[in-house]
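Reading through the C-alpha cells given below for one structure.
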Amino acid sequence: SSSGAGGQQSAAPPASSAAPQGSGASFAVITHGAPGDSFWDVVKNGAEAAGKQYGVQVTYQGDGDPAKQSQLIDQAVSEKVDGIVVSMANPDALKEAIGKAVTAKIPVVTINSGADFSKQFGAITHVGQSEDVAGRGAGEQLKAAGVTKLLCVIHEAGNVGLDQRCKGAEQTLGGTVERLQVDVSNLADVTSKVTAKLQSDQQVNGVLALNPAIAVAARDAIKDAGSQAKLATFDLSADVVAAINDGEVLFAVDQQQYLQGYLPITFLNLYKSNLNTVGGGLPVNTGPGFVTKDNASQVAKLAEAGTR
Amino acid sequence: MTVAADERVARVGLARRLLIRPELGAVVGLVVVFVFFAAQSPVFRSPDGIANWLDPAATLGIMAVAVALLMIGGEFDLSAGVLTGTSGLILVTLATRFGLNVWLAMLVGLVVALAVGLANGLVVTRTRLPSFIVTLGTFLMLQGVNLGVTKAITGTVQVSGLRRAEGFEVANAVFAGTIDVGGTSFRVAIVWWIAVTAVATWVLMRSRAGNWIFAVGGNEQAARAVGVPAARTKIALFMTTAFAAWLVGSILALRYTSVQANIGIGQEFIYIIAAVIGGCLLTGGYGSAIGAAIGAVIFGMADKGIVFLGWDADWFKFFLGAMLLLATLANRLVRRYAEEVRH
Amino acid sequence: MTVAADERVARVGLARRLLIRPELGAVVGLVVVFVFFAAQSPVFRSPDGIANWLDPAATLGIMAVAVALLMIGGEFDLSAGVLTGTSGLILVTLATRFGLNVWLAMLVGLVVALAVGLANGLVVTRTRLPSFIVTLGTFLMLQGVNLGVTKAITGTVQVSGLRRAEGFEVANAVFAGTIDVGGTSFRVAIVWWIAVTAVATWVLMRSRAGNWIFAVGGNEQAARAVGVPAARTKIALFMTTAFAAWLVGSILALRYTSVQANIGIGQEFIYIIAAVIGGCLLTGGYGSAIGAAIGAVIFGMADKGIVFLGWDADWFKFFLGAMLLLATLANRLVRRYAEEVRH
Amino acid sequence: MVQVLPGRDAAARDAGQPPGPAVRGGGAALTILETRGIGKTFGSVLALREVSMSVAAGQVLCVLGDNGAGKSTLIKILSGVHRHDAGTYLVDGQEVSFASPREALDRGIATVYQDLAMIPLMSVWRNFFLGSEPRKGLGFDVAKARRVAREELRAMGIDIRDVDQPVGTLSGGERQSVAIARAVHFGARVLILDEPTSALGVKQAGVVLRYIARARDRGLGVVFITHNPHHAFPVGDRFLLLNRGTSMGEYGKDDITAQELTALMAGGAELEELAHELRRE
Amino acid sequence: MVQVLPGRDAAARDAGQPPGPAVRGGGAALTILETRGIGKTFGSVLALREVSMSVAAGQVLCVLGDNGAGKSTLIKILSGVHRHDAGTYLVDGQEVSFASPREALDRGIATVYQDLAMIPLMSVWRNFFLGSEPRKGLGFDVAKARRVAREELRAMGIDIRDVDQPVGTLSGGERQSVAIARAVHFGARVLILDEPTSALGVKQAGVVLRYIARARDRGLGVVFITHNPHHAFPVGDRFLLLNRGTSMGEYGKDDITAQELTALMAGGAELEELAHELRRE
Ligand SMILES: Nc1ncnc2c1ncn2[C@@H]1O[C@H](COP(=O)(O)OP(=O)(O)OP(=O)(O)O)[C@@H](O)[C@H]1O
Ligand SMILES: Nc1ncnc2c1ncn2[C@@H]1O[C@H](COP(=O)(O)OP(=O)(O)OP(=O)(O)O)[C@@H](O)[C@H]1O
Ligand SMILES: [Mg+2]
Ligand SMILES: [Mg+2]
C-alpha cells in the first residue's frame with residue numbers, strides 16, 4: 001500500500017526521451033530466474049530499458065542452476081564486458097565466479113538477494129529486496145487480514161527464492177504455513193491441487209501464490225472448493241490486477257523488480273563514465289510495495305506493459 | 001474341429017483371459033491406487049473430490065491417448081506439451097490483440113498446430129532421424145517462439161483478457177464449461193477425453209489405420225514390405241498428437257482466459273508416463289488407447305491423492321514416485337499371472 | 001583369397017570408410033557447430049572462450065558417456081540427473097553438518113549412489129518393467145528425498161559452507177581445480193571426462209563386457225541364449241551410471257561448495273540428448289562412448305555459443321533447438337553418404 | 001563353387017534372351033517381369049551384378065544359388081524393397097523403379113520375404129491382412145479377417161489354435177505358413193517366394209508346391225527360390241543360376257535334368273555320396 | 001496328421017525306455033541328456049506334453065515332426081531357455097532345471113536356435129564369440145576373435161567378405177552358418193541344432209551334415225531337428241517323432257527304413273507322387 005506507484009514510475013521513461021550517450025559499453029545481467037519467469041521478465045525489461053536510454057548494450061541471461069549461472073558469469077568475464085549485474089540466490093556457489101570478475105576489474109552490482117555478501121564479494125553495490133523480506137511483508141499483511149493457516153503454493157520445488165518467500169511469510173504470520181507443490185506448466189493441475197488441499201483441510205483460510213499465473217489458478221480453486229480463504233500473490237499481471245479490483249485477490253506483493261534491472265545499469269553506467277558508487281556499500285532497497293484495491297487501477301496499465 | 005475343442009489349449013478362466021488385454025492390467029493399478037486413497041480420505045472418494053481429480057486427468061488423458069497412438073506407431077513427440085502452450089497463446093493473442101473472433105482464432109491455432117505436427121512427421125520420415133531428437137528440436141524451438149513472440153507482442157510473458165473477446169461465452173461453455181451430475185459439477189473436458197478415447201480405440205481396433213499403426217510400430221520394414229504406407233501413417237500420428245495438443249491448449253486457454261509463455265513445458269514426459277503406465281511399450285507396436293486413458297487417471301489420482309492425504313509437501317515427489325512404481329508393478333504382476341511366461 | 005581381393009567388394013575411399021564409424025559422424029556435427037560460432041565470435045574461439053564452453057561440456061560429457069553405455073545396453077536412467085544432486089547433497093551435508101572429512105563424505109556419497117544404481121538395476125532386471133518407468137520412479141523418489149532430507153536437516157532448500165570443511169582443499173584441487181595450459185586455466189573436470197571416455201571406449205571395444213553390452217541392447221533374448229549374463233551386465237551398467245552421477249555431483253559440489261535440493265532435475269534428458277546426438281540409438285545396441293562425448297561438446301558449444309553471440313535470451317531455446325537439429329542432421333547426412341542404403 | 005556345365009551356359013544364355021514364351025494351358029504367355037543387367041550395391045558390397053531374367057504368365061522361374069549369391073537381393077528389387085542401381089527393370093515391358101513395395105503390390109506382385117516377414121506382437125489375422133485390410137463401411141471387417149485367415153491357414157495344413165495369438169509366439173514353420181498363405185491370397189499376377197519351404201515340414205512343403213503349381217495354372221508368373229532340388233525340379237519351368245552376385249545362366253526345363261540341376265546346386269557333391277561318407281567314421 | 005505305423009510305435013517305446021546304449025567308435029556310450037514325461041505350457045497353450053527322450057555320447061538323435069509339433073520348445077527346455085513345468089530333465093543322470101542358457105552352456109550343451117539367433121547390429125566376429133569371448137589380459141582378444149571367426153566360416157564353405165560386417169546385413173544362409181559354426185566351435189559334450197540346414201544351400205548343408213557326423217565321432221551327443229528326410233536319415237541314430245506336442249515314439253535306425261521315415265514325416269504323401277501331381281495341370 002506504500003509503493004507510491006506514480007512517483008517510481010517516472011524512473012522508467014520511454015527510451016527515446018533522454019538522448020543516449022552512446023558510450024558503447026556493454027553490460028551483462030545474469031540472474032537466477034528461468035527464462036519466461038514473470039518476475040524476472042520485468043527485471044529484464046527494466047535493464048533493457050535502461051540500456052536503450054543510455055545507449056549501452058545490455059545482455060540478459062538467467063538460469064536457476066547456480067552452476068549454470070556461474071558459467072554465465074565466467075562467459076561474461078571472458079567477453080570482457082564493462083559491468084556485470086548478478087542476482088545471488090546462492091552466494092556460496094557464485095563466490096568464485098564473481099571473484100574472477102572482480103579480479104578482472106569488472107564492476108559488479110548484485111541484485112535481488114544476497115545483500116549480506118555483496119560487499120564481501122567485492123560488488124560496488126546491491127540493489128534489491130531479498131525474497132524473505134518480501135515474504136515477511138506478505139506475512140504481515142495476511143496476518144492483518146486475519147489469516148491463521150496459510151497455504152504457500154510452491155511452483156518450483158527446491159527453488160531457493162520461492163522457499164525464502166514462504167519462510168519469510170511464516171516468520172511474520174504467527175500462524176501455521178503449509179506448503180503445496182504444484183506444476184506451474186499445467187494450470188489445470190494447479191487448480192485441482194489447491195482445490196484438493198482446501199477440500200481436505202477446512203482450516204486453511206489463506207492462500208499465498210508466488211506467481212501471478214498460479215494466483216489465477218488458485219482463485220479458481222478457491223471458488224471450486226467453496227472456500228472462504230483469502231488469496232494473496234507475488235508479482236503482477238493484468239489478470240491479477242483485475243482480480244484485485246474484483247476483490248478476489250487481497251493484494252499482490254510488488255518488489256518493483258523493474259528497478260532491480262533499471263538501477264544497476266544506471267549505476268554501472270555512471271560508474272563507468274563517472275566512477276560513481278551508490279549507497280556506500282549499503283543496499284539500495286526497491287520494495288516491497290503492495291498493490292491493493294486502492295492502487296490497483298493505477299498500476300493496471302503498467303503491469304500490462306511489463307514494467308510492473 | 002472348433003478351436004475350443006483343440007486338445008492343445010488348456011482351459012483358462014475368463015478372468016485370466018480378460019486380464020491379458022493391456023488395458024485391463026492397467027485397471028488393476030487403477031483399483032489399487034483408488035482403494036489406497038479412498039480408504040484414507042473421505043474427501044477423495046466424495047463426488048466433489050472425484051470431480052476434482054478427474055479434471056486434470058481429463059486434459060492429461062486427451063494427450064496421453066494421442067501420445068499412446070504415436071508410441072504404438074513407434075515414435076515420440078516431445079513437442080506435444082509446448083504445443084498446447086503455442087495453441088493457447090495463438091488463441092488468446094489473436095482474440096485479444098488482433099480482435100479476432102474466438103472461433104476464428106481457434107481455427108488459426110488448429111492450422112498452426114497441425115502444421116507443426118506435419119513438420120514433425122515429415123522431418124522424421126524424410127530424414128529418418130529418431131523422432132526423439134527431431135521433436136526435441138521442435139520442443140526447444142517452440143519454447144523459444146512462444147516466449148519470443150509473446151514478449152515481442154505484449155512486452156510481458158503472458159497474454160490475458162480472453163474473457164472480453166467476441167465468441168468467448170459459447171466457446172468457453174463447449175470446451176471449458178462444467179456439467180452438473182447429481183449436484184457436482186464436472187468439467188466438460190471429461191467428455192472430450194472420453195470421446196477422444198473412444199475414437200482412438202475404434203481406430204486402433206477396428207480400422208485399417210489401426211492395423212497400420214501397430215504394424216509400423218512393431219516392425220516398420222516388414223510393414224512397408226507388405227504395402228503399408230508407413231510414412232503417411234506416421235505423419236498422421238504426429239498430426240493427431242498436434243490436434244490433441246491444440247484441443248487441450250484451447251481448453252486451458254478458454255478456462256483460464258490467459259496463457260503464460262512457458263506453459264506445457266515438461267508435460268510431454270507426463271504424457272509418455274501416463275501411456276506407459278497404461279501398458280504402452282516404449283519400443284512401439286503394443287499398447288491401447290483405453291490403457292493410456294487409465295494411465296492418466298492413475299497419475300492424476302496419485303498426484304492429487306497425496307495432497308488429499310495431507311502428506312508433507314517436501315516429500316510429495318517421493319510418494320508420487322513410489323505410487324507410480326507400485327501401480328505399474330501391480331499391472332505387471334497381474335499380467336504376468338495372466339500370461340505366465342509369454343513375453 | 002584375401003579379403004581385399006574379393007571381387008564382390010567395391011573399392012571405397014578411406015574417408016568414406018572412416019565416416020561409417022558412429023563417432024565420426026558426430027565429428028562432422030561438431031565441426032559444423034564450431035565453425036558456425038567461431039566465425040562469428042572471436043571470444044568463442046579464443047582460449048578463454050574454449051575453456052568456457054569445455055567446462056560444462058566436461059561434466060555433461062562424463063554423464064553422457066555413462067548414459068550412452070546404458071543406452072547401448074538397451075536401458076534408460078532418468079534418475080541420473082537427480083542422483084548427481086543426491087551425491088552432492090550427501091557430501092556437503094555430511095561435511096558441514098556432521099563434521100565428516102570431505103573424503104569420507106565423498107565415500108559415503110559413492111556408496112549411496114552405487115546402492116541407488118544397484119536398486120535400479122535389480123528392479124529392472126527382476127520385474128522386467130521398462131527401465132524408463134522404473135528409473136522415473138527413482139527419479140521422483142530421489143527428488144522427494146533430496147528436498148525432504150535437506151529441509152529436515154537444514155531448514156532450507158540448500159546446504160552450503162563446504163569450503164570450511166576438513167580435507168576440502170585437496171579434494172577441490174583434484175575434482176574441481178583448474179590446470180593452466182598456455183595461460184588459460186582449464187577445469188580439471190575436462191581431464192576426468194577424457195579419462196572416463198577413454199575407459200568407456202576401451203570397455204566397449206576391447207573387453208568382454210563391451211561385447212555383452214552391445215548384445216543385451218541389440219537383442220537381449222538372443223544374448224541370454226548364448227550365455228551372456230544379461231542381468232548382471234545391466235545391473236553393472238546402472239551402477240556405472242550411478243558412479244558417473246556421483247563423480248559429477250562431487251565435482252560440482254566441491255566447485256560451488258553448496259548444493260541446492262533441486263539440482264540435476266531435468267538434466268537426465270540432456271544426457272540422453274548428448275548421447276543421441278553422438279550417434280546412440282534409443283532402441284539400444286548401437287552407439288559409442290566417444291560419440292557421446294562429442295555429443296556433449298556439441299550441446300555445450302551450442303548452449304554457450306548462443307550466449308557469446310549475444311542473441312536475445314528469449315529466443316535462446318529456439319536457436320538451441322535449431323542448432324541441435326542441424327548438428328544431428330549433418331551427422332546423419334554424412335553417415336548416409338558413407339553407407340548409402342545400409343540401414 | 002558352382003561348376004557350370006561347359007557349353008550349356010552360353011547356349012542357355014543365347015536361348016534365353018529374350019526367353020521364348022512357355023506356352024501352357026493353351027494361352028500365349030506374356031512376359032510380366034524382366035530385368036536386364038540389373039545390379040545393386042550396399043555401401044562397398046556388390047550384392048548383385050549384371051543379372052538378366054524374365055518371368056512370363058503361367059511360368060515358374062526357380063532362382064538357385066549358394067548362400068549369399070544374391071537371390072534375396074534380386075527378389076527385393078523385384079518387389080520394390082530395394083531400388084536397383086544398375087540395369088533396367090521392366091514390368092509389362094515398361095521400365096519401372098519402385099519407390100516402395102506398395103507400388104509393386106499395386107502392380108499385382110505379391111512376395112514372401114525370407115527375413116522381412118511378420119510383426120511379432122500382432123495377431124495372426126492382423127498380420128494376414130496387413131496392408132490389404134478388408135473394408136466394412138469406414139472400418140476394418142474384423143470378423144471376415146479372422147475367418148479368412150483361419151480358413152486359408154487350415155487349407156495349408158496349418159491348424160492354428162487361435163488366430164488371435166501374436167505371430168511372435170508361433171513356431172518357425174507356422175510363421176512362414178502365414179506369410180505364404182497371405183501372399184497366395186493376395187497374389188494377383190506375380191507371386192515371389194523367397195525360400196518359402198525352408199522351415200516347413202514335408203507335408204506343408206508339399207502343400208506349398210501344390211499352391212505354386214495351382215498359381216501357375218491360373219496364369220500367374222511365379223519366382224521361386226529354394227535350396228532343395230527336390231522342390232525346385234517338380235515345379236520349375238526355367239532355372240536362373242546365381243553365383244557370387246552374378247548370373248551363371250538361365251536354363252529351360254528341357255535343357256537340364258534333375259541330376260544335372262542337383263549337381264549344379266550342390267557344386268558337384270552329391271547327397272548320395274555324402275550319405276556314404278557319413279556312415280564311415 | 002502323422003500316421004504312425006501300427007505296432008511299431010509301442011514296440012519302439014518298449015525298446016526305447018531306457019534306450020539301449022549305441023556303441024560307436026569302440027567306447028561305451030553314456031546317456032548325457034534325458035527327459036522323462038516332460039511338458040511345457042505357455043499361458044493356455046500346451047506346447048509339449050509327456051515327452052521322453054535321451055541322447056547318449058556319440059549318438060545323433062533326430063527330432064522329427066510337423067510344424068508346431070513342439071520340437072523347438074523341447075530344444076529350448078534342453079538348452080535352458082525355457083523351464084519345463086512337468087516331468088523331469090536329467091543331465092548325466094542328475095535332475096536339473098536350468099534357470100538360464102548359461103547353466104546349460106556350462107554343462108557343455110551348445111545350441112543353434114531356430115529363432116533366437118544373432119544380434120543384427122553386431123559384427124560377425126562379435127556375434128561369433130558372444131558369451132565366450134577369448135581373453136587377453138583383462139580384455140577381449142579381438143585379433144584372435146576375428147581370425148578364428150573367419151577361419152571357422154571359411155571351413156563351412158561360407159566366404160564372408162568382411163567379418164566386421166553387421167550380421168543383420170548377411171544373407172539368411174550366411175547368418176545361419178555363423179550360428180552353426182559358433183555352436184560347433186564351442187560345443188563340448190552336446191550339440192543341439194534346431195533346423196540348422198533350413199536356409200542353407202546344398203553344399204553348405206552337406207558341410208553341416210559332415211560336422212554332425214564328425215561331432216558324433218568325437219563322442220558328442222547331437223540333437224538334430226530337420227524337416228528334410230534326406231538330411232535326417234544319413235546321420236541319425238535314433239528318431240524321435242513329435243506330433244501336436246506329444247511323442248509318437250522313438251525309433252532306432254535299424255527299426256525303420258528311409259522310406260518309412262519319409263512316409264512318417266510326410267504323413268503318407270510322397271514327394272515322388274507329388275511330383276507327378278504337379279506336372280499334370
Ligand atoms: N543391407 C545390406 N548391406 C550390406 N550387405 C548386404 C546387405 N544385404 C545383403 N548384403 C550382402 O549381399 C549378399 C547377397 O545377399 P542375399 O541376401 O541376396 O543372398 P541370398 O542369395 O539370398 O543368400 P541365402 O541363400 O543365404 O538367403 C550377401 O553376401 C550379403 O552379405
Ligand atoms: N511363447 C509362446 N507362447 C505361446 N505359444 C507358443 C510359444 N512358443 C511356442 N508356442 C506354441 O507352441 C507350439 C510348438 O511350437 P514349437 O516352436 O516348439 O514348434 P516346432 O515343432 O519347432 O515347429 P516348426 O517346425 O514350425 O519350427 C506352436 O504351436 C506355437 O504356437
Ligand atoms: Mg536369401
Ligand atoms: Mg521350430
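What you see is a predicted model; the values in this text were computed from it and never measured. Chain identifiers are assigned alphabetically (A, B, ...) following the order of the sequence lines, protein sequences preceding nucleic acid strands; residue numbering begins at 1 within each chain.
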For this session: Could you check which of B:Gly285, B:Pro229, B:Ala215, B:Ala223 has the highest count of heavy-atom pairs closer than 4.5 Å to chain D?
Result: B:Ala215
For this session: Verify whether the ring centers belonging to B:Phe243 and B:Trp246 lie closer than 6.0 Å.
Result: yes
For this session: Name the option with the most non-hydrogen atom pairs under 4.5 Å to chain B; the candidates are D:Arg102, D:Lys136, D:Glu133, D:Arg135.
Result: D:Glu133
For this session: Flag the pair D:Glu152 and D:Arg182 as a salt bridge only when some basic side-chain nitrogen lies within less than 4.0 angstrom of an acidic carboxylate oxygen.
Result: no
Exercise. Does a side chain donor of either D:Asp194 or D:Thr111 reach within less than 3.5 Å of an acceptor in the other side chain?
Worked result: no
Exercise. Between D:Phe224 and D:His231, is the gap from one ring center to the other below 6.0 Å?
Worked result: no
Exercise. Under a 4.5 Å heavy-atom cutoff, which of D:Leu130, D:Asp106, D:Leu138 has the most pairs with chain B?
Worked result: D:Leu130
